[in-house]
Number of protein chains: 2
Amino acid sequence: MCGYADGGVNRLLGTGRAFTPQPESGGVPVSHRPTLADVASAAGVSVSTASLAFSGAGPIADATKQRVLDAAASLGYSGPNPLGRQLRSGKSGIVGVVVGDALRRAFREPVAVQLLDGLVDTITPLGLGVLLIPGPTSPEQPAVDPLVESAAMDIAVMLWGGTLDDPTLEALARRGIPVVVVEGHDLTDVVTVGIDDRGGMADLAAHLRDLGHERVATVTLPFGPDRRGGLADTARLQDIAWSIPRRRLDGLVDAGVQPVAVYETPASLVEHGAAAARALLAGPVGSRPTAVVAQSDLLASGVVLGARELGLRVPEDVSVAGFDGLDLPWLAPDVLTTVVQPIADKGAAVGLAVGRILAGETPEDEVLPVALRTGTTTGPAPR
Amino acid sequence: MCGYADGGVNRLLGTGRAFTPQPESGGVPVSHRPTLADVASAAGVSVSTASLAFSGAGPIADATKQRVLDAAASLGYSGPNPLGRQLRSGKSGIVGVVVGDALRRAFREPVAVQLLDGLVDTITPLGLGVLLIPGPTSPEQPAVDPLVESAAMDIAVMLWGGTLDDPTLEALARRGIPVVVVEGHDLTDVVTVGIDDRGGMADLAAHLRDLGHERVATVTLPFGPDRRGGLADTARLQDIAWSIPRRRLDGLVDAGVQPVAVYETPASLVEHGAAAARALLAGPVGSRPTAVVAQSDLLASGVVLGARELGLRVPEDVSVAGFDGLDLPWLAPDVLTTVVQPIADKGAAVGLAVGRILAGETPEDEVLPVALRTGTTTGPAPR
DNA sequence: GGCCCTTATCGAATCGATTCGAGGCCGTCG
DNA sequence: CGACGGCCTCGAATCGATTCGATAAGGGCC
């Protein structure tokens, strides 16, 4: 209930310093790391004037400023201590970025990495830095990372959605930390940045329909934190917790494509795509799907590899399409048919929203457009 | 020279708060975010007692503690402000992790990601968090990120080496921030964690030699920040700035393998490996190398793909080996011959070193062992 | 009953910087 | 010559918590 019992944060922090302040009678350089006060007294000015020399926030004579800077140099003072500055300003300059998984998995997803890159590029000029906050490492234990409870941050960004009852989201709300959610859905008190998943997927489905495909299977992203893998029956389709697989499925249906099979994967990885291909494409030619739509490019490339393994030609025997628009060098010379999303722009949009929230504005939710890219992995339905 | 002119950090931070503190004559709940003092007065105890209720660092009666916690709950106080705590303790609980490149590139490297993951796993229980600090984005401009100059951090970790004159390393030294360098070399005042590149590569070279290979080419990681791509002549071999390509080259020679060609890549990516294969393996069978050793698995898998593109069979026509020991699902069913390094252990070792330094100890440099894994991509030299 | 020790609480100092309003000095203008 | 204004500099308050030493209350033991 309270969550205040020392959750480890104090292991290294709370022990204080064993440092004993020596009386220091003379003007001799002190033994601890110099502070602004030391610099000021060495330069023969007041602390406030010394502060001005560094911050530039106020009138100061050039000669005085130089004297302070010289004193700082001779004392080995390397600028104002960020901790003091932060307490005073009430801002830490830190953007907490919550990734939805352990890093090693979350960052195998190029989309997440590129998004993060775009975000960093945008907020660096604002003087902000990114604190990485891993999501729940084990699927069973939805505990929030201790950093969510007690790290200093001015705002948080959640990569990959999150539902309204997400414990991380709740903890952040309790702390009064504003949040930007990437690909969220139905969230209140939170700014959302996303793409037009549904429309993009509908375009892709229409493309396949126009090519004459009538038996289309689909390979989805995880439905929720339980991350199952395998064919999903009707019941399972009811409990899709995360919004991206939901919206991308809906897009298919929007274009009149009712998938003959839905294969759920535990993660967006090549190997799971290959497993899906083995499960979906093993049947005889008459009943086998003529096209497979994957909800990510990594899954799609796994499907391509799996299909080849089964001796099927792409796209002559089976068409394969993905979603994201990544570069997939190991598929060369093939080019995946996919829906290209503007990942770097999305990161920038998130960064922009972060900046505006911190500036006191309340930006609108944003939905970025996507574009169908037809490659060489889709073709007319066989016969 | 000074670097103190506001480098952007103040864009959002230094503006202070436009908040005007209302006089507040009664005991009415105040309008700003409640502080420990508010909680204390609401609970009818002193601030110090209230502090004890949260930190547990001292004797406190259960009833009192409960009263404080209740008051906190009714005021919406969600725990001590980390900024105040940090200033007092002098610790930020932040580990700055300097990646050697823009994130989107650095994190295409699975080794970096897994290492980071291992590091995070290790330091999370210590109450520490990772602040991401991108390296120089453009190769021309070796400016250090503003975060290096002025972000709060207790210690920094540099992924991927860095030389003694690295401006980032200099800036951190000036600030008095301790540093752990991954795969560094010849560095003073810094703890280094690395692997036995040279020995591992020597083992691999011996393996190829034993298979009868006499014409061995090698594909290397970037030599330095200029990141050229192409065949390296003798002159170019002199200015290898970064230590990993250097040591891995040396390892080959240690085992008596003098490479017939050295192809330098601008980054450890599949596509550069493929390009290397096209450059190295295009010649006639008599002069063509019979084996290619890449300095990373991503490069090696590019070489395999490039070789196949040229119509060469692996390993019948050409043997290919890598370094790192990654899972490469898209190479299946082939298994790359490679040198396996304990990446997660390396991350844990870095985390451990971080913890010990913060605890006041001075850990030794560490060199982790590697192991040769022979797969299906190397075989006897053709005839 | 007095003394001592333990336990609980409090007051005040401290961490390192920023910022606001006050005041000093000097030059200029009337 | 006096008043006014501009430019610098300074002192003091403040941000929000932790912690040390002092104090008081309560209980056990002789």
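In what follows, chains carry the letters A, B, and so on, assigned in the order in which the sequence lines appear, proteins first and then strands, with residues in each chain numbered from 1.
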- Who passes salt bridge (Lys or Arg N to Asp or Glu O under 4.0 Å) against A:Asp117, sequence neighbours left out?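 Partners of A:Asp117 under the salt bridge (Lys or Arg N to Asp or Glu O under 4.0 Å) test: B:Arg104.
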Rounded to the nearest angstrom, tell me the gap between atom [atom1] in [X] and atom [atom2] in [N].
X	N	atom1	atom2	answer
B:Leu87	D:dC15	CG	C1'	9 Å
B:Gln86	D:dT18	CD	C1'	13 Å
A:Asp38	C:dC15	CG	P	10 Å
B:Leu83	C:dT18	CG	P	13 Å
B:Phe54	D:dA17	CZ	P	9 Å
A:Leu36	C:dT18	CG	C1'	9 Å

Closest heavy-atom pair and its distance - [X], [Y]:
X	Y	result
B:Leu147	B:Leu132	CD1-O, 3.7 Å
A:Leu83	B:Gln86	CD2-O, 3.7 Å
B:Leu159	B:Leu115	CD2-CD2, 3.5 Å

Give each protein N/O atom lying under 3.5 Å from an N/O atom of nucleotides 23-28 of chain D, with the pair distance.
none

- Task: Please check if any side-chain donor atom of A:Thr49 sits under 3.5 Å from a side-chain acceptor atom of A:Ser46, or the reverse.
- Result: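 A:Ser46 and A:Thr49 do have a side-chain donor-acceptor pair below 3.5 Å.
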- Just checking, any donor-acceptor pair under 3.5 angstrom between side chains of B:Gln66 and B:Asp62?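 Checked: B:Gln66/B:Asp62 side chains show no N/O donor-acceptor pair below 3.5 Å.
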Can you check nucleotides 21-28 of chain C for protein contacts, nitrogen or oxygen pairs under 3.5 Å, and list what you find?
none

- Sub-3.5 Å donor-acceptor pair from the side chain of B:Asp145 to the main-chain atoms of B:Ile133, do we have one?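 Side chain of B:Asp145 to backbone of B:Ile133: no pair is present.
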- Message: Please confirm whether the shortest side-chain N or O distance from B:Tyr77 to OP1 or OP2 of D:dA17 is below 4.0 Å.
- Response: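 For B:Tyr77, the contact criterion (side-chain N or O under 4.0 Å from OP1 or OP2 of D:dA17) is met.
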- Task: To the nearest 10°, let me know how far the axis at one end of the helix from C:dG1-D:dC30 to C:dG30-D:dC1 is tilted from the axis at the other, five pairs an end.
- Result: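 It works out to 50° between the end axes.
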- Task: Step by step, work out the side chain to side chain contact (heavy atoms under 4.5 Å, CB included) result for A:Val98 and A:Val157.
- Result: CA-CA 6 Å; A:Val98 184; A:Val157 171; over 6 Å; no
- Item | side chain to side chain contact (heavy atoms under 4.5 Å, CB included) evaluation trace for A:Ile177 with A:Met153 | CA-CA 8 Å; A:Ile177 295 177; A:Met153 56 185 131; 3.7 Å; yes
- Message: Under 4.0 Å between a side-chain nitrogen and a carboxylate oxygen: does that hold for B:Arg356 and B:Glu364?
- Response: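 Between B:Glu364 and B:Arg356 there is no salt bridge, as every charged N stays at least 4.0 Å from the carboxylate O atoms.
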- What string of B, S and - do you get for nucleotides 7-13 of chain D, 5' to 3', if B is base contact, S is sugar-phosphate-only contact and - is no contact with any protein heavy atom under 4.0 Å? -BBBB-B
- Message: Test of understanding: with side chain to side chain donor-acceptor pair (under 3.5 Å), list the residues that count as partners of B:Thr64, not counting sequence neighbours.
- Response: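 Partners of B:Thr64 by the side chain to side chain donor-acceptor pair (under 3.5 Å) criterion come out as none, since no residue qualifies.
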- Measuring from A:Thr35:OG1 to A:Asn81:CG, what's the distance to the nearest 0.5 Å?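 So the OG1 of A:Thr35 and the CG of A:Asn81 are separated by 9.0 Å.
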- Query: When you look at A:Arg175 and A:Glu170, which way does the salt bridge (Lys or Arg N to Asp or Glu O under 4.0 Å) test go after all the steps?
  - Reply: CA-CA 9 Å; A:Arg175 292 185 59 189; A:Glu170 283 173 354; over 6 Å; no
